[in-house]
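Please read the structure below before turning to the comments.
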Number of protein chains: 2
Amino acid sequence: MGFAVKTDDDAKPGDADIDFGTLHELTGYWLRRAQLNTYRNVRNFFFDEFEMTPGLFGVLEIVFRNPGLTQTAVANAMGNDRSAMVAIIDKLEKRGLIERRPSPVDRRSKALYMTTQGEAFQARVRSRALQHNQQFFDLLTVEEHQQFVDMLKRVAERADESRC
Amino acid sequence: MGFAVKTDDDAKPGDADIDFGTLHELTGYWLRRAQLNTYRNVRNFFFDEFEMTPGLFGVLEIVFRNPGLTQTAVANAMGNDRSAMVAIIDKLEKRGLIERRPSPVDRRSKALYMTTQGEAFQARVRSRALQHNQQFFDLLTVEEHQQFVDMLKRVAERADESRC
DNA sequence: ATTTAATTGTTGTGCATATCAACAGTAATG
DNA sequence: CATTACTGTTGATATGCACAACAATTAAAT
């Protein structure tokens, strides 16, 4: 299944000599391509080692940095629907990493807190994530990397503005 | 240490005072964020105007530039499983944009060709896509845009290499 | 030539994610 | 009070991706 990359002497004609036409001129195409591949890589990496996904990691990190947050608050921060939170929190709670406590001020909502076990776990994952991130993007110089992130932020904001 | 993010002038109080912690230091996070928002924008745009999705557009463009290609060849080019092709080709064929012809050399495979109607349609979409792309990324200077695409390509390749 | 292996399109399944509508319980507002 | 808004939750639906299986067909092995 290995796609050896640049060798034109590959007997497979169907791979290299394909004309992508306008696709390769569209920034959105490359953005998607880069993200999809990166995401798959990160996901496989962290699932193998921690049985974690980027989504779970994000929730864990946010709850860790903002103890007592409500579920919808986390959902809004993550940019997805609050109904999606339920399954995520369920998983994390079932693994003993997170805790739902009744909010002292609002009997509807539930305040989210990290367990001590969850903090220890997240510390390990976080360290590994930073390490993997730096290692993965070392194909960019430090300047490039900085510019890259800066542009990504601007693009993300832009796309967020023109939201219907 | 002293790297706490400074006070953004809050427009929304309940939204902005959340600490994202390590998340905001991960390039992959921003990459995903930018891509998701961009994709949603592009998708809404082209779905409203043409009832097209980026995926359909890609297949259409590839078939247009490489007439007679087989379904799995297109799937490999697009980077997804050949089973995903079926529904896509079905849609495009049902709309009269594309055609499945029996391959003259291999009775298993089906050669894909564009209809004249499909070519006319795709010409309109293609033009609009290029226009929208340029307009959307005009928040980057020409130099930045070029660098951006260049880096995305490198990242995409990198992620592709370390594929299991 | 006959068996074996590989590939094609296709279908189905499972999993993760996303959006939307509804609901009962609760809070805020008039 | 009555009404309106918000909470977590469930369910329906759609999507995309990965994988397994299948009959038909081709390629390779012996």
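Below, read A as the first sequence line, B as the second, and so on, with proteins coming before strands; counting in each chain starts at 1.
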Discussion item. Taking the six-membered ring of B:Phe50 as reference, does the cationic atom of B:Arg124 (NZ for Lys, CZ for Arg) lie under 6.0 Å from its centre and within 45° of its axis?
Written reply: no
Practice prompt. Would you give the length of the straight line joining atom CE of B:Met78 to atom CD of B:Glu61, rounded to the nearest 0.5 angstrom?
Written response: 11.0 Å
Discussion item. Can you tell me if A:Thr70 touches the phosphate of D:dT7, counting only side-chain N or O atoms and a distance under 4.0 Å to OP1 or OP2?
Written reply: no
Worksheet item: Would you say A:Ser83 reaches C:dA18's phosphate, i.e. side-chain N/O to OP1/OP2 under 4.0 Å?
Response: no
Fill in: salt_bridge(B:Lys94, B:Asp90) N-O dist < 4.0 Å
no
Worksheet entry | Short N-O contact, A:Glu144 and B:Arg154, less than 4.0 angstrom | yes
Worksheet entry | Whichever of B:Ala84 and A:Asn80 has its nearest DNA chain C nucleotide further upstream toward 5' | B:Ala84
Fill in: A:Arg126 NZ/CZ over A:Phe64 ring centroid, <6.0 Å and within 45° of normal
yes
Discussion item. As a test of reading the structure: which of D:dG16, C:dC20, D:dT7 is closest to the side chain of A:Asp81, going by heavy atoms?
Written reply: C:dC20
Discussion item. Between C:dT7 and B:Arg108, counting only base atoms on the nucleotide and side-chain atoms on the residue, is there a donor-acceptor pair under 3.5 Å?
Written reply: yes
Worksheet item: Separation of B:Arg43 atom CZ from C:dT19 atom P, in whole Å?
Response: 11 Å
Worksheet item: What is the distance from CD1 of A:Ile89 to P of D:dT10, rounded to the nearest Å?
Response: 13 Å
Practice prompt. Ignoring backbone atoms, establish whether A:Thr72 has a side-chain N or O less than 4.0 Å from OP1 or OP2 of D:dT7.
Written response: yes
Discussion item. Quick check on contacts: within residues 46-63 of chain A, what sits under 4.0 Å from DNA chain C by heavy-atom distance?
Written reply: A:Thr53
Practice prompt. For B:Arg158 and A:Phe136, indicate whether the former's side chain and the latter's backbone hold a donor-acceptor pair under 3.5 Å.
Written response: yes
Fill in: d(CG, B:Asn76; C1', D:dA18) in whole Å
15 Å
Worksheet item: Can you tell which of D:dG8, C:dT17, D:dA18 lies closest to the side chain of A:Arg40?
Response: D:dA18
